[in-house]
Amino acid sequence: MAVESLFPRLEPLLPAVQKPIQYVGGELNSTVKEWDSTQVRWALMYPDAYEVGLPNQGVQILYEVLNERDWILAERTYSVWPDMEKVMRDNAIPQFTVDGHRPVGAFDLLGVSFATELGYTNLLTALDLAGIPLEACERTDEHPIVLAGGHSAFNPEPIADFLDAAVLGDGEEVVLAISEVVREWKAEGSPGGRDELLFRLAVSGGVYVPKFYDVDYLPDGRIKRVAPNRSGVPSHVVKHTLMDLDKWPYPKQPLVPLAETVHERFSVEIFRGCTRGCRFCQAGMITRPVRERNISTIGEMVQNGVEASGFEEVGLLSLSSADHSEIGEVAKGLADRYEGSNVSLSLPSTRVDAFNVTLANELSRNGRRSGLTFAPEGGSERLRKVINKMVSEDDLIRTVATAYANGWRQVKLYFMCGLPTETDEDVLAIADLAQRVIATGREVSGRNDIRCTVSIGGFVPKPHTPFQWAAQESWENVDSRLSKLRSAIRSDRKYGKAIGLRYHDGQPSVVEGLLSRGDRRVGRVIRSVWADGGRFDGWSEHFSYDRWVKACEEALAGEPVDLDWYTTRERGETEVLPWDHLDAGLDREWLWEDWQDSLDEVEVEDCRWTPCFDCGVCPQMGTEIQVGPTGQKMLPIVGVSQTRQAELVAPAGSRDSG
């Protein structure tokens, strides 16, 4: 039966809320299908505001992959601002999609992509607005299957009570496999109801269904074991790995936002995974192995995407874009093609030791120099060995010298505070480094208007990394070190005014730490925070540390665990971790040995170019590292401006004459 659009009820209310355009939909390249002509219907959610959620590459890819199948319908939904939430509650308007403005509760599946754990309270808001019971155990056959993906899904235990299922790893193939299971089950008349559908998904081996696993605890609060409670369910759920990115050149039709968003560019993922082995980096660990996209595929994707969207900036996306084995050829080919046009290139993430003069020249060929961000992560050489960043101070100085010498006047340096074994001296070394950067910039450019922005985030130990056993630094120590750093930078008369300092205080990182390494007992805390008004915890103006502390005290009362137990406590080698039954491919012993190496300040090389270190991913998961060079060229190497000029001077009709 058709589901009516809620827009006629919604539209008269929009003038009462901020940024109403974010709820309107109708973006270029968006899709609205007939409800009754499809068999499986997905609502895809990014649990943050439209301006953050729309550019999310993962959601855009799945949206397009699903909608290309004529039997599947996929629409998007985002978190609504508190003012809109009030309007919706006052007028009994449920959570809706922005494409067809259909109620989320009417879909077969609600797929939520979590890039950060701080979106968990927003999930509860959406469920509640949608009329979907918060607890999975209270849902009936009438409710959608609530399914989580994204990096945070590698430990979904804190939200296990609110999820029906979670998927680990790359989503392109598995969303279609899930859709097939749902289609078959519906075609059979939905035998066994919701429970049977979840069981079918669980036994497929690629979908984690928390209700089919029991968690037992030791008297001291640690986990005794996590085990299946249903015959046929696998003891470990394994991540999905897409091995041939060239077969999945998405997005082909990028969404063009109606309202201002955090990124307004067309991004092409040039490779997936990373083998640099930075010990703090969950993304680098869980997305192994490296799989490069072919240079010719990249060229076609950029051309198609720019034509389909009209974006004037192309971002070459990955965890470390300059590491692509043919990044020089890619940058030159694109710079050649778009020379003289309004299209510029950017590398959103660039390693210090991979940036060079050639890249600098190609990225600035059109005269536009987008921001350059480098991430030394640690202030001192010692700390960079601990985290295996493999970048020296001289590497950084050479890199920024290249940037400043090629016309950039400002670079941004990203660091973390609170890393394992960190001391005050490690953080104060950031000031020394920034001063040397300014001095180098002035020297090579011959100018005094050189700027360096130092941006610092709080470190959070993440699951499936060597630091998963580490104690998180207290927010008091983090704030104290950042205060000392600020004083050190400001007290320097020669360079201080040229250095910008941006950082967040340590309290949000503690909550993120709780949610990252928490277990199912943390679900009570999340629900308590949400019930007390917690929304948009990733936004400083909405975040309340006191609310989380109070919720921990109340929800964990009587338990042998508390906020510190989850965050500032170091774990032992044999402790069962909440995510041990979820397999990212990384060998647990290898992770532990790497953790010990970090404490000994021992570095590990990039395994792309060295013998295998047996991290477990490639042999265990049947995957392999895929890097070039391919020797191919990006065609056609014809400047866009030249093409347009030729078209303008050609006689009428001659362009079609062959």
Side-chain angles (χ1 to χ4, degrees), residues 42-47 56 58-59 62 107-124 126-127 132 134-137 139 143-179 181-182 194-195 197-215 223 226-230 233-242 282-283 285-287 462-464 515-523 526 577-586:
W42 285 78
L44 299 175
M45 178 177 190
Y46 191 85
N56 182 264
V59 172
L62 298 185
F107 287 74
D108 297 310
L109 299 122
L110 171 59
V112 190
S113 179
F114 289 102
T116 168
E117 297 84 358
L118 294 175
Y120 288 166
T121 49
N122 285 353
L123 167 68
L124 299 193
L127 292 176
I132 302 170
L134 300 186
E135 305 278 343
C137 62
R139 293 171 197 152
H143 299 116
I145 298 295
V146 180
L147 190 148
H151 290 179
S152 300
F154 278 80
N155 177 28
E157 292 302 278
I159 51 171
D161 290 344
F162 315 126
L163 296 177
D164 295 297
V167 172
L168 283 61
D170 302 324
E172 290 93 335
E173 293 174 327
V174 72
V175 290
L176 296 176
I178 291 171
S179 300
V181 172
V182 174
R194 184 182 195 84
D195 193 70
L197 175 57
L198 289 172
F199 182 71
R200 291 187 185 189
L201 291 171
V203 297
S204 69
V207 179
Y208 173 54
V209 180
K211 67 177 283 189
F212 295 147
Y213 296 79
D214 288 336
V215 183
I223 293 174
V226 179
N229 56 28
R230 181 79 68 95
V233 174
S235 60
H236 286 73
V237 178
V238 180
K239 75 167 181 179
H240 298 264
T241 303
L242 188 69
Q282 185 191 43
M285 292 290 170
I286 63 177
T287 60
K462 293 283 186 172
H464 304 285
L515 301 177
S516 294
R517 294 194 291 175
D519 52 45
R520 293 189 182 183
R521 292 169 290 193
V522 174
I526 297 169
L577 302 173
W579 51 90
D580 277 346
H581 58 299
L582 303 175
D583 191 352
L586 297 151

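Numbers for residues simply follow the sequence, beginning at 1. Only heavy atoms go into these numbers, but all of them, side chains included; no hydrogens, no water, no symmetry mates. Remember, it's a predicted structure, so these values are computed and weren't measured experimentally.
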Exercise. So do the side chains of Asp108 and Ile145 get within less than 4.5 Å of each other, counting heavy atoms only?
Worked result: no
Problem set entry | Approximate separation, where rounding is to 0.5 Å, of Leu109 CG and Ile178 CD1 | 7.5 Å
Exercise. When you measure from the side chain of Asn155 to the backbone N and O of Pro463, does any donor-acceptor pair fall under 3.5 Å?
Worked result: no
Exercise. Roughly how far, to the nearest 0.5 Å, is the CD1 atom of Ile132 from the CG atom of Leu127?
Worked result: 5.5 Å
Exercise. With sequence neighbours excluded, what pairs up with Ala584 under the side-chain contact (heavy atoms from CB on, under 4.5 Å) test?
Worked result: Phe154, Ile286, His464, Leu586
For this session: Identify, with sequence neighbours excluded, every residue that meets salt bridge (Lys or Arg N to Asp or Glu O under 4.0 Å) alongside Asp519.
Result: Arg521
Exercise. Mind checking whether Leu163 and Val209 have side chains closer than 4.5 Å, heavy atoms only?
Worked result: no
Exercise. Any side-chain heavy atom of Glu117 sitting closer than 4.5 Å to one from Arg517?
Worked result: no
Exercise. Are Asp214 and Val226 close enough that some pair of their side-chain heavy atoms sits under 4.5 Å apart?
Worked result: no
Problem set entry | Val522 side chain reached by Glu157 side chain, heavy atoms, under 4.5 Å | no
Exercise. Quick one: ring pair (Phe, Tyr, Trp, His ring centres under 6.0 Å) partners of His151, sequence neighbours excluded?
Worked result: none
Exercise. Distance-only, no hydrogens or angles: does the Asp583 side chain make a donor-acceptor pair with backbone N or O of Gly585 under 3.5 Å?
Worked result: yes
Exercise. Quick check: does any side chain N or O of Asp164 sit under 3.5 Å from a backbone N or O of Leu147, one acting as donor and the other as acceptor?
Worked result: no
Exercise. Should Pro144 and Arg139 count as side-chain neighbours, where that means a heavy-atom distance under 4.5 Å?
Worked result: no
Problem set entry | Any donor-acceptor N/O pair, Asp580 side chain to Leu577 backbone, under 3.5 Å | yes
For this session: Would you check if Leu123 and Thr121 make a side-chain contact, meaning some heavy-atom pair closer than 4.5 Å?
Result: no
Exercise. Which value, rounded to the nearest 0.5 Å, describes the distance between Tyr213 atom OH and Tyr208 atom OH?
Worked result: 7.0 Å
For this session: Assert yes or no for the condition that the ring centre distance of Tyr46 to Phe114 is strictly below 6.0 Å.
Result: no
Problem set entry | Sub-4.5 Å side-chain heavy-atom contact between Phe162 and Ile526 | yes
Problem set entry | Partner of His240 under side-chain contact (heavy atoms from CB on, under 4.5 Å), chosen from Leu168, Val175, Val167 | Val167
